[in-house]
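Note sheet for the following structure.
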Amino acid sequence: MTEPAIADRIEALLLDELGPEANVQVSGLSKVTTGKSRENWLFDASWVRDGAVVSEELIVRCDPEGGLLETDRSLEFAVLQSLETTAVPAPRVRWLDADGSRLGRPALVMIRESGQCEYFA
């Protein structure tokens, strides 16, 4: 997916989730080369909630155009959401596009956490 296309889709998803009165702003969009099984886009978003500006560093994780793995974004979203109340380090999820109707491919939006992903062989 091209950067302008995903940027428009991300903004539309946030407007859909937060409402048009939220004055959504998306900036700093960049594709990440890590994450071999999914396409990942980093971005910053801000919006107005109850008169205050909310800002978050986020990541969209979406299915690639072609891939070897068949997994379900809904299941990934549910697992990550269930980990939020545990001591297991995992990103907090924000929104889900299970069927890809809003972001072009099945995807989820998570809060971007600091740290490094460790791979175990």
Side-chain angles (χ1 to χ4, degrees):
M1 192 174 312
T2 66
E3 189 171 323
I6 191 70
D8 290 344
R9 288 177 181 260
I10 288 170
E11 188 170 314
L13 175 112
L14 270 62
L15 283 168
D16 186 41
E17 292 290 341
L18 300 167
E21 69 283 351
N23 192 27
V24 171
Q25 302 285 319
V26 174
S27 63
L29 181 67
S30 66
K31 189 174 182 182
V32 182
T33 57
T34 57
K36 303 195 185 330
S37 64
R38 300 288 167 250
E39 190 173 292
N40 297 294
W41 293 87
L42 306 177
F43 66 99
D44 299 325
S46 63
W47 59 89
V48 177
R49 183 181 342 156
D50 299 326
V53 175
V54 176
S55 297
E56 289 187 342
E57 295 177 334
L58 300 166
I59 183 169
V60 168
R61 180 174 165 83
C62 60
D63 286 358
E65 290 182 3
L68 300 174
L69 296 177
E70 291 292 327
T71 57
D72 182 352
R73 287 314 104 235
S74 298
L75 180 58
E76 182 178 5
F77 188 90
V79 168
L80 290 170
Q81 195 169 44
S82 69
L83 291 173
E84 289 180 9
T85 60
T86 72
V88 176
R92 292 170 288 155
V93 290
R94 279 289 179 248
W95 302 289
L96 173 66
D97 182 11
D99 63 2
S101 61
R102 299 187 291 173
L103 290 172
R105 288 182 250 148
L108 54 91
V109 179
M110 306 175 285
I111 294 178
R112 203 165 67 227
E113 305 287 355
S114 63
Q116 183 175 338
C117 182
E118 298 292 331
Y119 296 94
F120 299 97

Q.
Please evaluate residues Asp99 and Arg73 with respect to the criterion salt bridge (charged side-chain N to carboxylate O under 4.0 Å, His left out), reporting the C-alpha separation (whole Å), side-chain torsions for both, the decisive distance (0.1 Å), and the verdict.
A. CA-CA 8 Å; Asp99 63 2; Arg73 287 314 104 235; over 6 Å; no
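Side-chain contact between Leu14 and Trp95 is present, with at least one heavy-atom pair separated by less than 4.5 Å. Between Arg112 and Asp44, the closest side-chain pair of non-hydrogen atoms falls below 4.5 Å.
When each of Leu13, Ile59, Val93 is tested with Val109 by the rule side chain to side chain contact (heavy atoms under 4.5 Å, CB included), just one qualifies, namely Leu13.
Partners of Asp16 according to the side chain to side chain contact (heavy atoms under 4.5 Å, CB included) rule, which considers only residues two or more places apart in sequence or in another chain, are Arg102. Taking the side chain to side chain contact (heavy atoms under 4.5 Å, CB included) definition, one finds that Asp8 meets it with nothing, sequence neighbours left out.
Expressed to the nearest 0.5 Å, how far CG of Leu108 lies from CZ of Phe77 amounts to 7.0 Å. Taken to the nearest 0.5 Å, the CG atom of Leu42 stands 4.5 Å off from the OG atom of Ser30.
Here Glu76 pairs with Arg61 in a salt bridge; the nearest charged N to carboxylate O distance falls below 4.0 Å.
Pairing each heavy atom of Leu103 with each of Ile10, the nearest pair is CD2-N, 3.8 Å. The two residues Pro91 and Met110 have their closest heavy-atom pair at CG-SD, 3.5 Å. Closest approach of Val26 to Val24, counting heavy atoms only: CG2-CG1, 4.1 Å. When all heavy atoms of Ala98 and Ser74 are compared, the pair lying nearest together is CB-OG, 3.2 Å.
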Taking distance alone, no hydrogens or angles, what donor-acceptor pairs closer than 3.5 Å link side-chain atoms of residues 50-57 to residues at least two apart or in another chain?
unit_1	atom_1	unit_2	atom_2	d
Glu56	OE1	Arg94	NE	3.0
Glu56	OE2	Arg94	NE	3.3
Glu56	OE2	Arg94	NH2	2.7

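Under a 3.5 Å cut-off, the side chain of Asp97 and the backbone N or O of Ser101 do form a donor-acceptor pair.
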